[in-house]
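Proteins get letters first, then strands, A, B, ... in listed order; numbering begins at 1 in each. Since the structure is predicted, the reported quantities are computational estimates derived from the model, not experimental observations.
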Amino acid sequence: MEDAELLNLFKDPASREKAFTELVKKYQERLYWHIRRLVVVHDDADDVLQNTLLKVWHGLDQFKGQSQLFTWMYRIATNESLSFLEQKKRKSTEALDDSEELSNLVRASEGFNANKLEWKLQLAIQHLPEKQRVVFNLRYYDEMPYEAMSQLLETSEGALKASYHHAAKKIEDFILNH
Amino acid sequence: MEREKVHIESELQEIAPKLAHVSGNSHWQVPAHYFEQFPERLMWKIQGKKAQEAQSASVPQGYFEGLPNRILERIRSEANKDIAQEELPQWLLDLRTKPTYRVPADYFGKARMPMRSQAKVVALSARRVWGYVAAAVVTGLLVWGGWMQLDTPEQMNMDIASEVKQISDDGLEEYLWEPNEYLVSSKLMLDGPGVSQFDASVALLTDDELEYYLDKDPYNTSESF
């Protein structure tokens, strides 16, 4: 079902819940993996995904259609993920920086193998600064065009290209040196 | 979408060729049936929140408009509650309003509360007023006289100083050489142990010293003899 059709059904109280269920089914996995790559742990990703979709439920009536529905949902998911990490950092008693804490979570993941290239890639991503981490994930995993990314992150395409370039180089260096 | 994927791969090949060969497949695991069950779990959560919001924040339509009438109705029903609960037969209810006991004719019209006797009022006569005035005058004189008897040190000093200044040197000399009634009658001066010593001290003084002493202001304590 197309987004426009789902939005029309959502406006009708009789079909509101059905339309929303369809919307969730359509985008849940992509949103989940976007969140999971940022917060690393499944339970945290589940909480953040629920909060994201609750906000979508409450805000869908005000959605103006200025951007694609999916881009709008991605923006909410990104903001929720970063807020979650910020809160977690404040609650943490250990004085670790973000990258160290997230790397530890990757190492604690089920099936982690430090010798496997795929796990090294995950560790390398967690060592990136926050903005570069988001840009790299959106481009590398979600294959998002710079134009859509620019709307989502409210940053110029040039700046996003530079961020992605720096991130890719840092990751390559990390993999080669670890 | 496919074009974008090709573009991303060539871009990565250009920036970081080693990274382009790494498989991007995620090895993170998700609990079984997580995505199948997620929409239902989410809708339960939304429904729960909706019910919670409805309970906590909303009031039935027209609730406040009808509230005063509902309260009055309840007050009336509370007042009749005892009777209704007893379920009395009609004939018994009718008897409630029928007078059984009789009172003398015009009893309530004549009924008066007994009056309390008035308090005694005493008038003030002219004689009694003059008596109070006389008593006040006598009391005032007594107080004034008593106060006049109390000489303060300042008053005493002022009187003595002015009087001594009026006495001539001859008068003072005469006073010193002639026997003084007060000093003679004073046991303190005549019989005191310092009298003989005082006489001896005075005998040692020259006339000039005595004259200086007599000229000196007796109340000027800043000068020493």
Can you name the closest pair of heavy atoms from [X] and [Y] and give their distance?
X      : Y     : value
A/M144 : B/I8  : N-CD1, 4.4 Å
B/P39  : A/T21 : CB-CG2, 4.1 Å
B/W28  : A/R37 : CZ3-CA, 3.6 Å
A/A168 : B/A16 : O-CB, 3.7 Å

More than 12 heavy atoms from other groups under 6.0 Å of NZ on A/K55:
no
For A/E157, is the CD atom crowded, meaning more than 12 foreign heavy atoms sit under 6.0 Å from it?
yes
Would you give the length of the straight line joining atom NZ of A/K170 to atom CG of B/L19, rounded to the nearest 0.5 angstrom?
14.0 Å
Measuring from atom CG of A/L53 to atom CE of B/M43, what distance do you get when rounded to the nearest 0.5 angstrom?
10.5 Å
Tell me, for [X] versus chain B, whether the close heavy atoms (under 4.5 Å) come from the side chain, the backbone, both or neither.
X      : result
A/D173 : neither
A/F136 : side chain
A/H42  : side chain
A/L23  : neither

If we only count heavy atoms from C-beta on, is the B/V30 to A/R36 side-chain gap below 4.5 Å?
yes
Any B/K18 side-chain heavy atom under 4.5 Å of A/I175 side chain:
no
Between A/Q28 and B/F35 (side chain of the first, backbone of the second, donor and acceptor by atom type, cut-off under 3.5 Å), is there such a pair?
yes
Heavy-atom distances under 4.5 Å only: say whether [X] touches chain A with side chain, backbone, both or neither.
X     : answer
B/E11 : side chain
B/L42 : side chain
B/Q47 : side chain

Is the centre of the A/Y32 ring less than 6.0 Å from the centre of the B/F38 ring?
no
Under a 4.5 Å heavy-atom cutoff, which of A/R139, A/K169, A/H165 has the most pairs with chain B?
A/R139
Tell me, out of B/E14, B/R41, B/E36, who's got the most heavy-atom pairs with chain A below 4.5 Å.
B/R41
